[in-house]
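Numbers restart at 1 for each chain; the letters A, B, ... are given by sequence-line order, proteins then strands.
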Amino acid sequence: MDTQVSVLLPIIVLLPLLGGLWNGLFGSRTSRQTVYVVGSLTVLTSFVLSAMVFWHLRLAVNVNPDAAFRYELYHWIAAGSYSFDMAFLADPLSAIMLLVVTGVGFLVHLYSTAYMNDDPGYARYFAYLNLFVFSMLTLVLGKNLAMLFIGWEGVGACSYLLIGFWFKDMDKAEAGQKAFVVNRIGDIGFVVAIFLLLAFANGSVDYDSLRAHFSDSRHVLDDPNTITAICLLLFVGACGKSAQIPLYVWLPDAMAGPTPVSALIHAATMVTAGVYMIARLNFLFVLSPHAMTVVMIVGAITAVMAASIGLVQNDIKKVLAYSTVSQLGYMFIAVGAGAFAAGVFHLFTHAFFKACLFLGAGAVIHGLHHEQDIRKMGGLHAKMPVVRWTFLLSCIAIAGLPPLAGFFSKDAILAETVALKPDVERLEKYYEHGFERRAQYLAFAEKKDGEAPDEKAIAAKTKEIKEKYVASVEKLAPLRKVAFGLGLLAALMTAFYMFRLYFMTFHGQYRGDHHTWDHAHDAPWQMGLPLMILAGLAVVSGWLGMPFGGGKFNLWDKWLEPVLARSHDLVEGHLTPAVEYGLMGLSVLVAATGVGLAWSWYGKGPSTQAAGLATSLKPVHNALLGKYYIDELYDTIVIRPLRAVSQFLFHLVDRALIDLLAVRGPGYALLGVSQLGSLLQDGNVQVYLLGMVAGLAMLAWYLI
Amino acid sequence: MDSSMAQNWLQVTSTSAFPLLTLLCLVPSLFAVAALFLPGDQPWAHKANSLVGSLVTAALSLVIFSRVDTSHAGLQVVDKFNWIPSLHANWFLAIDGLSLPLVLLTTFLTPLVFIGAWSAIDKRWKEFSIALLVLETGMLGSLLAIDLLTFYLFWEIMLVPMYLMIGIWGGKDRVYATVKFFLYTMFGSVLMLVGILYLYQKSGGSFALPDLVKLTLTDKEQVWLFGAFALAFLIKVPLFPLHTWLPDAHTEAPTPGSVILAGVMLKLGTYGLLRFAIPLFPGAMGKFSPLLLTLAVTGIVFGALMAYVQTDVKRLVAYSSVSHLGFVVLGIVIFNQESLQGAMLQMINHGLSTGALFLLVGFLYERRHTREISDFGGIAKRMPVYASFFVFVTMSSIALPLTNGFVGEFLIFAGTFKEGMHSAIEPGKFNWRMWVQVLGGISTAGIVLGAVYMLSMVRRVFFGEIKNAANESLSDLTLREKLIVGTLSVAILWIGIYPAPFLQLSDATIKAMSAPNRLQIQQVRSPIDYRREMQQGLAQ
């Protein structure tokens, strides 16, 4: 039975690839309908098969909690002591991702059949979109980090192609390139981490063997600093893909792509890959509370910073883009705090409400002839009831108001951020050998005479190192409160800017031109149906993780338990029900405040109060509008210098120093180049060939 | 000498009753001779003749491939007979895991280059086909020769047609480029010849590599001789700062010349290091490792930065070669199995991807007679198929997973970091570990810089609105052109998706070759690791 189910895994992955290849190679010669059917049906089939895998996994997990489906296609690379397989793994974590990717993927395909109907490049679009789904499935279903990396770079390439889909617009092509290059910067961290893991963990980056490796401290790699370094390098990769500080700058620009692409790639799936990666490697990250804290704090700062920029943006997609960056920050707060299940939970719920918001925005843009400025919208509830209601539900969900999805996932993150803490005693035990070895090394290095240091000195040194380590871990605790505070602040801002967006778009008076208003229309069914399904999920998906009753009704945590078991050994902590309900109340209060503020300032269109506030806080408002001028900063400190240095090196070092001075100088002097040159220039080829043959003959004669 | 250091990989394991390898080398030249008798004013006759010649060569190389047992190291299908008795010089050709992939690459690329030349070369087809066929003989002979004199003969044969190709069919500054290429390579060749003669004299009269590796040389001799050989090979690679002939040669050479130059000839430099320079003088290799490592990594970064500021597409690709070949040298200098496998594969990869890039640039040049980036812009609209191929090959050039470039680069990096992490820590010393860690870290910048310069170029050439009216009438690829790049694309994907058969080609040889040589290299560059690795070797 299990083997039969396992066979589905490569099929799930390869179907969209086949669809993509078909549409890429023949799509321009077939009808639109064929392209649509091939593109959507392959993903729909993958979704159905994924659901089957999920169902069977559920049955299997009931019998054996560690059940998972594995399928090995072939040995991909083998060299020296390293080897990598093309192999797939469906465990509870990847099964969830599988459903999200194929499910939202299909809805976006369906939506696109209407959205892209006027575009001459529809075949290319659907080919790219299918290739993206293929890459994303490789990413989540891969059984090892090498497979994850194939998908990781694959989605990056598809993202590059789709952001620059309308390549005739140079700005869009540039946005695509920026996304690729910034992601590549992060990828350096990711691959170096893979190389380090390979070097330390027996030449395999298979999840199963890595997990086994890192659950036993007798293996090598028991030095906390090395593990911290590896985790931080992995996080650099995650920062690139999941748009965290300092590598988030590509995501807002990525809105240049068609809106359904933003929904699928830049909201629901690809950008969450970093969160998935850290959750996947939870057994590694929990070994480094320091790296986890960095993840948590970077996530928290990103959440607030992006949310603050979102407060003032006027482009409907830009608001959603910064909102995505901010929500991704939330997910990193979670995984950094050790609340892996909550982080993935927020990933899950966010996929639905954010995809719904983007698709809704797309429907608005589509209905208004490519208008994206919310200052020229307003009152659209009358024209677009379906879009309006689904958008409203998603706004409530993201704002974190009960009983919609965002409330549960956000609340779980905030609660666990303060509740959890690393189990220092167990960590200490894990690193026992490492401390001792480090002590030996240091004691040896201190003794200049090369003699072996005595036992007592080593013991003392070990103790010292251990105490230092424990102290440094304990020093991290207050930062959880900081992250919690920033998380609350971000929640407040989120509620505000989302409802600002909603009110500006759908309420008040219409502020655009009348021709557009007359032609404004609600979404056709291909767009409306996905919106309704996603809005429905935005309402109910949170109920999987009910926080009440001491976790008794929390299906979510229970489902992910086998994947996260190791992390629960090393991170612990519970809240009393009173505190838990208190926090819940607090986050509802915060969200309601945000919504209320938005209502009072924008409920009937932009108010004078809001404008007045903007003028009185001009410098702040400008900084927010200018996105803190980070793009300009990078341009000044990275891009321009790189070009200038390259030019300088080219002219001075390559041309002048090496070529002219070192190479041509002596050459001119020695050989009288001009003569030789003129000889070659207008000679007869036959003569050269003759000379060549003659020379060879002479050489042969001489030798024999 | 220690038995663990014996160069078993140079033992003859199979001979051929029929001189297959000699025939392989000669077939292209036989067709070149045939071309002499074909009328010079009938280009089609020469097109047909050269295509048949290169296809027959390719078929023969496949026959030879079927005779090679890749699961064992050692010299196979050996052709060896007394050549110049007065000098004790043998005609000694053999094939093994080092040469096999490159031989196949050569015979695979040459027919494609000929087909590509149908439109790229518009004058003197007779002479062109003769030059390129002789060049193929030279390349195959250089790859197959085990005897140093035989090797040197082919090495020189290879250079002459290349001078002619750049000098006659080249662009407007072809003379300058030819002279530069000539001086550079002659300089290296002459030094190598001196080295060969010294070894000949020292060994008491042998040019055969298996004899010469048994010589005991003093440290000083090793350093000087390694210097002579390595310089010849590193100029050919070319390693920074010996690279300045390459951009000129590439820019001026006609498309077929560039493809062969980048596709095969540059690899003869890295191949020569692996085949001759390192096995002959491993101690010196150990001594020079930090220097070569520094130059390789400098080349990776420097080549990429240079490519970034080029305004001519072909020159940009030429500088990208400097960067990519830096990766190959990095893999060779690190010298563990992973990095060597990566370097070996990356030689093939660079031949395919950069070969494809030069062909693609050539297709555009034939249409517009310019290669300036600023003359283009927005042409993806007019040439969608061309643009798709170009972006695809770009992705392989910047090592996207599931293309060939990724597998090679990944293995080179993996080997480098393994070396950095597994080498011994010596408190307070800047040792080999530090060298590898620092420079390995810097080399990863190539991952980003490659994307920067390639994608910038692609964007400026293909995307945006068409601004230059001359580009409005551009026609997309013809069937012939699609066939050429299509074939290369299949190879690119095959290696990326299923590299096992390609890695298998050189696996056994690299294992057998790296073991003894690595120990001797380590003995010099990192004695502390040498002792550990010796013990591990003895324990097995």
Side-chain angles (χ1 to χ4, degrees), chain A residues 74-82 149-150 153-154 157 160 164 167-170 173-174 177 180-181 184-185 187-188 191-192 195-196 198-200 441 444-445 642-643 645-647 649-650 654 658-659 662-664 667 671 673 676-678 680-681 685-686 688-689 692 695-696 699 703-704, chain B residues 84 86-87 89 124 127 130 153 157 160 164 167-168 175-176 178-180 183 241 244 302 305-306 308-309 336-338 341-342 378 380-381 395 400-402 407 410-411 413-415 417-418 421-422 425 427-428 441 444-445 447-448 451-452 455-456 459 462-465 498-500 503 507:
Chain A
Y74 58 86
H75 297 297
W76 183 36
I77 303 177
S81 57
Y82 290 176
F149 191 71
I150 294 177
E153 287 251 303
Y160 162 75
F167 59 79
K168 267 184 272 176
D169 183 342
M170 202 43 138
E174 269 174 24
Q177 185 184 333
F180 195 94
V181 170
R184 270 269 160 131
I185 295 172
D187 290 355
I188 289 185
V191 280
V192 170
F195 299 140
L196 295 183
L198 279 169
F200 286 117
Y441 172 79
F444 186 78
L642 184 72
R643 213 169 168 89
V645 166
S646 302
Q647 287 287 7
L649 287 176
F650 177 58
D654 194 70
I658 301 176
D659 196 49
V663 177
R664 274 150 65 190
L671 279 161
V673 170
L676 197 70
S678 63
L680 258 172
Q681 197 164 23
V685 188
Q686 301 280 2
Y688 302 144
L689 286 176
M692 186 172 118
L696 290 177
L699 183 68
L703 291 173
I704 299 163
Chain B
I84 313 169
S86 60
L87 287 176
R124 297 176 186 271
E127 289 81 2
I130 292 173
L153 175 76
I157 288 180
V160 181
L164 296 181
I168 296 166
V175 177
Y176 170 70
T178 311
V179 171
K180 203 166 177 180
L183 291 181
T244 59
F302 187 82
L305 292 178
M306 293 306 96
Y308 184 42
V309 291
N336 57 30
Q337 272 184 50
E338 292 82 5
Q341 280 276 20
K381 189 170 167 248
M395 288 297 165
L400 195 78
L402 297 187
V407 185
F410 187 78
L411 284 175
F413 277 130
F417 279 86
K418 183 185 184 187
M421 292 301 130
H422 285 197
I425 305 171
T444 57
I447 298 175
V448 172
V452 171
L455 294 183
S456 299
R459 178 172 54 79
F462 291 97
F463 302 150
E465 296 282 358
Y498 189 51
L503 292 168
D507 188 50

Heavy-atom pairs under 4.5 Å with chain B: which of A:V645, A:D169, A:I188, A:I185 has the most? A:I188
Among the listed options [options], the residue most often paired with chain A at heavy-atom distances under 4.5 Å:
options	value
B:A500, B:A414, B:S456	B:A414
B:I447, B:T444, B:L503	B:I447
B:E465, B:M421, B:R459, B:Q337	B:R459
B:P241, B:G378, B:G342	B:P241
B:A451, B:P401, B:A89	B:P401
B:L411, B:L455, B:V448, B:V407	B:L455

Relative to each other, are the rings of A:Y74 and B:Y498 parallel, tilted or perpendicular (30° and 60° limits)? perpendicular
Could you give the distance from [atom1] ([X]) to [atom2] ([Y]), rounded to the nearest 0.5 Å?
X	Y	atom1	atom2	answer
B:F410	A:Y82	CZ	OH	9.0 Å
A:L198	B:F413	CG	CZ	14.0 Å
B:L400	A:R184	CG	CZ	6.5 Å

Test side chain to side chain contact (heavy atoms under 4.5 Å, CB included) applied to B:F417 and A:L196, step by step: CA-CA 7 Å; B:F417 279 86; A:L196 295 183; 4.1 Å; yes
Where does [X] contact chain B at under 4.5 Å (heavy atoms): side chain, backbone, both or neither?
X	answer
A:A78	backbone
A:F650	both
A:F180	side chain
A:Y441	side chain

With a 4.5 angstrom heavy-atom cut-off, is it the side chain or the backbone of B:F462 that approaches chain A, or both, or neither? backbone
Do the non-hydrogen side-chain atoms of B:E127 and B:I168 ever get within less than 4.5 Å of each other? no
Does A:H75 NE2 have over 12 foreign heavy atoms under 6.0 Å away? no
Between A:Y160 and B:M395, does the side chain to side chain contact (heavy atoms under 4.5 Å, CB included) criterion hold? Intermediate values first, please. CA-CA 11 Å; A:Y160 162 75; B:M395 288 297 165; 3.7 Å; yes
